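Working notes for the structure below.
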There are 2 protein chains.
Amino acid sequence: MLIRLLNLLANAVDKPELLTVLVDPNVGEAETIVRNALVQRKMLIVVGRCWVRYVGRATSKLEKGERILMVKADGSVLVHRATGYEPVNWMPSGDTVFQVGAKDDVLEIRAVRRKPAESVAVSFDMISLVFSSKLADAGEFSLHASEEDMHNALLLKPQLLEEGFKVISYEKKVEPGFVDVYGIDKTGRLVVVEVKRKTAGKDAVLQLAKYIEAVRTRTDRQVRGIIVAPSIAKGVQRMLVALGLEFKYLDPKKCAETLRKAKTKKLAEFFDEE
Amino acid sequence: MLIRLLNLLANAVDKPELLTVLVDPNVGEAETIVRNALVQRKMLIVVGRCWVRYVGRATSKLEKGERILMVKADGSVLVHRATGYEPVNWMPSGDTVFQVGAKDDVLEIRAVRRKPAESVAVSFDMISLVFSSKLADAGEFSLHASEEDMHNALLLKPQLLEEGFKVISYEKKVEPGFVDVYGIDKTGRLVVVEVKRKTAGKDAVLQLAKYIEAVRTRTDRQVRGIIVAPSIAKGVQRMLVALGLEFKYLDPKKCAETLRKAKTKKLAEFFDEE
DNA sequence: AATTAAATTTCGCCT
DNA sequence: AGGCGAAGTTTAATT
């Protein structure tokens, strides 16, 4: 009872709009928070003793036990047990409709989706935690390799560009995603490299052309310009050729592998210490 | 600050061994709970602003933002964003070692696995919730179909047994997993069916033989005995033949589909109401 | 321990 | 919207 009071107090005082936490709430209290979270598309977490029924692409039944229910802002539903990477029951985001009911001290949260037709119902008869909050998350997620990683991979293994390529210097560009590497190829020609993580577009080619132009005014050597990227936009290929530039395919993933091998040594060292 | 006091109080008073909840803790407080949870193999949930670095089978980087970290009793690690069914970062259970560090008001939780060699590090600079608890969960999870479901499917579609089969009556058995169905085949012979969800063993055959024996003393009709199951144990097939009984393959999954079609109508009705 | 196949796969990309 | 292919796939079953 003490706890419950504290909870209510906490809700009233602390970030009333942002965060709600109830410990050991009764069904009625929990129901209120759950409804609110679902309507407002907040992240919702309910921890407690529950049973689950799923009907849809398959049919399943989970007997009573303590689990964690997570309902995300996009309507994704996850029921997690004490162990196992995968949720025991779930529903991906889609055209999901939620129903919340409280009867006989049981809180039922039901999610129904039209396509594919499926429904998952979670019933709690004991609740130890209800949490709801908007999650402020604008952070970017980069897999495989960031542009910087591609850059680093090129420095680590210049032959990723071509056999005999040697790096002279490099320059990080914070501007809309470009990284330059300067070097010489096996025949002694100067090489200017522009790295792009995604498909290289017109802007990348023009940018490189501008650089090349500037470099040529300062040297009598032959100068090559190479766009390094996982792919190049359709019409841009022609422009590239017209400007006397080149394109080199480089998979960010391959760069990641190159870097990984270097870091794997660090992992090995960690275990050796242990 | 009020909240923090309340939290500590809550921990001291309410189920000290079972459940711990901190709202807006400082790094030191959170660190204590996190370490404790990891050592005691409790379910751990941390909600807060964090960034994540993963190195292993690939390489990834997640910039700062509010997410949910879940570490399970078996060492599974999940980092969930506001949307999406899948975790943005994760690590399945295995030979995982955890490291917890708190420096400069940043709490870092790092999980390292040997095979495959990979590591995921989550760093929090703002924590809104720390939750830890042992989850008591012995509930069974049954996918596809329970024995009762197979039973019901047979009643719904007797032709699942064979063409022309008709159900006369049925009897639920609570005993170690048997269900009986009585009926007549297309030639008028009496049929006794025993359903099993898993591989039918010696016990099932003997049980059925006993029933058949009893039934034959009460009728002059021909009586067939059929074991219905997804498979039959190796040596048992011979015994079955010796006793003049039969085996009918029936996949629980197929039963589930039969039942699903019936229930799909209910789903459709739900949407029509809406 | 390594390999194969299935999954309520999910997810992105392309037509 | 449907189809195809990849995934840090995971997981269970099988060799």
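It should be emphasised that the depicted structure is a prediction, and the values quoted were computed from it without experimental measurement.
Without hydrogens or angle criteria, B:Arg35 side chain to B:Val100 main chain gives a donor-acceptor distance under 3.5 Å. Looking at B:Arg110, its side chain never comes within 3.5 Å of a backbone N or O of B:Phe98 through a donor-acceptor pair. Checking side-chain atoms of B:Ser76 against main-chain N and O of B:Pro92 turns up no donor-acceptor pair under 3.5 Å. Distance alone, capped at 3.5 Å, is enough to place a donor-acceptor pair between the B:Glu66 side chain and the A:Ala136 backbone. Not one N or O on the side chain of A:Arg53 forms a donor-acceptor pair closer than 3.5 Å with the backbone of A:Val122. Using a distance-only test at 3.5 Å, with no hydrogens or angles considered, no donor-acceptor pair links the side chain of A:Thr83 to the main chain of B:Ala73. The backbone N or O of A:Gln40 sits less than 3.5 Å from a side-chain atom of A:Lys134, completing a donor-acceptor pair.
Classified by interplanar angle (parallel below 30°, tilted 30° to 60°, perpendicular above 60°), the ring pair A:His151/A:Tyr170 is perpendicular.
Base-pairing analysis of DNA chain C finds the following stems of at least three consecutive Watson-Crick or G-U pairs, with both pairing distances under 3.5 Å: C:1-7 with D:9-15, C:9-15 with D:1-7.
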Heavy atoms under 4.0 Å is the rule here; annotate nucleotides 3-15 of chain D 5' to 3' with B where the base is hit, S where only the sugar-phosphate is, and - elsewhere. ----SBSSS----
Below 3.5 Å is the cut-off: list the nitrogen or oxygen pairs between protein and nucleotides 12-15 of chain C, distance only.
none

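With sequence neighbours left out, the side-chain contact (heavy atoms from CB on, under 4.5 Å) criterion links B:Ala229 to B:Lys196, B:Ala200, B:Ile227, B:Phe247.
Summarising the geometry, atom SG belonging to A:Cys50 is positioned 5.0 Å from atom CZ belonging to A:Arg67; distances are rounded to the nearest 0.5 Å. Note that CG of A:Leu245 and CD of A:Glu194 are 9.5 Å apart. Values are rounded to the nearest 0.5 Å.
Listed by residue number, the members of residues 74-83 of chain A with any heavy atom below 4.0 angstrom from DNA chain C form an empty set.
Residue pairs that meet the salt bridge (Lys or Arg N to Asp or Glu O under 4.0 Å) test with at least one member in residues 72-92 of chain B, sequence neighbours left out, are A:Asp137-B:Arg81.
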